[in-house]
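On a predicted model such as this, the values are computed, not experimentally measured, just so you know. FYI, the numbering just counts along the sequence from 1.
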Amino acid sequence: LDVHTYFTLIGAIFTHKQRFSLQTNLSSKSKYLVSNTMNCLACGIPQTGAPFKPGRTIAIEADGETKIYDFLVIACDPQDGLTEEVMKKTDTEKKVFSTDVMKSLTFQTTLMKFPKVDKVDDPVEIFNPVNLNKSEGLLHSYRSETRKEVYQLTAQSNCDDPKAFFADQLAKFSHEYVTMYQLIDKTKPEAHNMDEEQMWELLKQQMNDPKNKTWFPYDALKGEKIACFHTKYFDHFTIPALKNQTNTRRNNWRILDIQGKKNTIYVHASTAFESVLHIYSYIELLHETCPESFPDDKQSKIAVIGAGPSGLLASRKFVQLGYTDITVYESKQNNSGPNELYAGKTQTNMFSQPHLNYMIPAELGTCYLSPAYKHMYDEFDRSHLLGPAGDKNELISLDQIENGPVVKDIITDGQFDEDGPVKRLLKAYPDVLDLGEYEGDFPSRMDFEKYQVVKGFEEHYKGKNLSVGKLKEEFPGFLYKVIGPAAIKYITYHCENYGKYVPFPPNQKRVKGEIFSNDIYSFLEKKDLLCLLGLLQFGYSLQGYGSTAKGDTMSAFYLLMWVTPNVFMTFIHNDVKHIIEDGLSKIHLDPVWFKKDVPIVAALSKGWGDVWKNLKRQFEEEIAEDSRKKVTIKYGTRITKIARDKV
């Protein structure tokens, strides 16, 4: 920072010091505020990785032909995609990507066409936390792609009665397209690995189970299976691997250390986190922290293994840096048509419905965006990856419309104890919780904003043995008195440990050891943040990144990596956002959290597949304009050997 900016920030800290401490109940010591603020805004970027070694070569044998390259980019799964028989690894590479320390989940999405459900009150999306927490392949959520589109039309109408408009539009359709989600965590005792067909059979049982009719309203016997996507998902390190004290560098930073060695870099999602935003950010981080790992000669021959988002974005980065000879190898066929592009976990299925003169995307893989994606979305827009101005791949807002139909419902089964604070309070004072007319049965589901408050109340007061009368006193102001300050505490803690960096700071020392060594529930419990569990179940677990339940073993490191302040503000209850805004110092705030023109939850009008299609077109156009440039994507390629010098 220059001197003027530095003293401006210090002045801002002391100007807001009193208000900050009153709103958050945090330490009022200026040393704390200064250190956290400066860590957020002025964290240095340590250099890591190994320098590029000219003269070393990489020989790739594929389909009976051997090609020689100067630089290798691993954008495929380093465990399954590159076995030891295909590419001999160094001892460090073997250790860091070993299945003993890096685990994964199994993810399956299924798109089906059902006769339309006439109940207008059914939401766009439903999430069942208890089924996801089990991670045994049970149906844990679904999204009606048809209702999503009708909801978007309702939002654009700006009508006085959005519910009536939604009902009128929905009445025009005879069928609904519905995407359904299943997840398996093989580390759980009751979970068993299943292939695509086995998970499909389980899904059919789930759809036909009478117990699920309270939340799954579609007629499975009349359903038509349109598409299915089965994949290994979310490579992540175990807690023992992350907290291993025999290594000074924990595993994600050890990957940074090996970047560039043997003229090889790794950009697959396993290096950081399973999302396009994190892949995009990691490639940027890699260029910042390991600049000497890249070849000096822009005409160096570069091989990229994998044509998913990681490989495509890495190739794009090399083109932006001026490299002219890039070959991308992809094992799967480009079977989406001559102008389409296979893209790993992006699985966009386009379909049409009567009464609409355009195609609707159903995302079976890469899906939602939040304000955290805004800078990437804008950069894609400037680079014309979203299409021309008159036909752009727009952000579709899924924000809750005031007095409109419900977007998200949460299933309450297994989330509230019979003798817990919520059910005790409901039985004694039914009107306090504002859960509708109470006739003795607990609501089977709640809209998301109501659920995050009620679930937070349950977790915060569980085991504290408060009288029903005291619980009655505490609930009305719970959102503002407990959830609001806890939100400020979470955001401040995140800034202190992760700063401005996505997916994680290049300097490991700034991240507290307790983040690595605690599972998500234990971390929230120790930080007195369990009141945020209802929010985080949806904001974290629904995305397929593992369970937040007590006793599960997903490290809090991944919670904090995904739920950045921007993402957190995406899901927090609207009524408490002004408290957070007032409570945080101005220098901590990112204005995008509160900008009204940024959708809180969004999808792409043409889907993610269209982004990669446009990127492929750009590669082709650049080659046509300058014959010296070359980005070649080889589909359906079987690599039998990758030989690196001195390995």
Checklist entry - Salt bridge between D378 and R382, side-chain N to carboxylate O under 4.0 Å? => result no

Checklist entry - Is any side-chain heavy atom of L277 less than 4.5 Å from a side-chain heavy atom of H375? => result yes

Next on the checklist: Using side-chain heavy atoms (C-beta onward) and a distance below 4.5 Å, is L105 in contact with F107?
Outcome noted: no

Next on the checklist: Is the ring pair Y181/H140 parallel, tilted or perpendicular, if the boundaries are 30 and 60 degrees?
Outcome noted: tilted

Checklist entry - Do D610 and T348 come close enough that some side-chain heavy atom pair is under 4.5 Å? => result no

Item to check | Close side-chain approach of H268 and D77, heavy atoms under 4.5 Å | outcome: yes

Next on the checklist: The test is salt bridge (charged side-chain N to carboxylate O under 4.0 Å, His left out); show your working for E274 and K345 and say whether it passes.
Outcome noted: CA-CA 9 Å; E274 189 86 58; K345 294 185 181 70; 3.4 Å; yes

Next on the checklist: Are L604 and Y377 packed together at the side-chain level, in the sense that at least one heavy-atom pair is separated by less than 4.5 angstrom?
Outcome noted: yes

Item to check | Gap between atom OG1 of T92 and atom NZ of K261 - 0.5 Å precision | outcome: 5.5 Å

Checklist entry - Between K204 and E201, does at least one N-O distance fall below 4.0 Å, as a salt bridge requires? => result yes

Next on the checklist: Please verify the inter-ring angle class for F273 with H278; under 30° counts as parallel, over 60° as perpendicular, anything in between as tilted.
Outcome noted: tilted

Next on the checklist: Can you tell me how the ring of W253 sits relative to the ring of F557, calling it parallel under 30°, perpendicular over 60° and tilted otherwise?
Outcome noted: tilted

Next on the checklist: I'd like to know if E284 pairs up with K317 as an ion pair, taking the criterion as any Lys NZ or Arg NE/NH1/NH2 lying under 4.0 Å from an Asp or Glu carboxylate oxygen.
Outcome noted: yes

Item to check | Under-4.0 Å salt bridge between K616 and E330 | outcome: no

Item to check | Criterion side-chain hydrogen bond (donor to acceptor under 3.5 Å, both in side chains) against S383, the qualifying member of Q320, Q618, R316 | outcome: R316

Item to check | Sidechain N-carboxylate O distance under 4.0 Å for D70, K301 | outcome: no

Checklist entry - Do P505 and V511 have side-chain heavy atoms sitting under 4.5 Å apart? => result yes

Next on the checklist: Within the structure provided, determine whether I258 and Y266 are in side-chain contact (heavy-atom separation under 4.5 Å).
Outcome noted: yes

Checklist entry - Taking the six-membered ring for Trp, are H287 and F294 parallel (under 30°), tilted (30 to 60°) or perpendicular (over 60°)? => result perpendicular

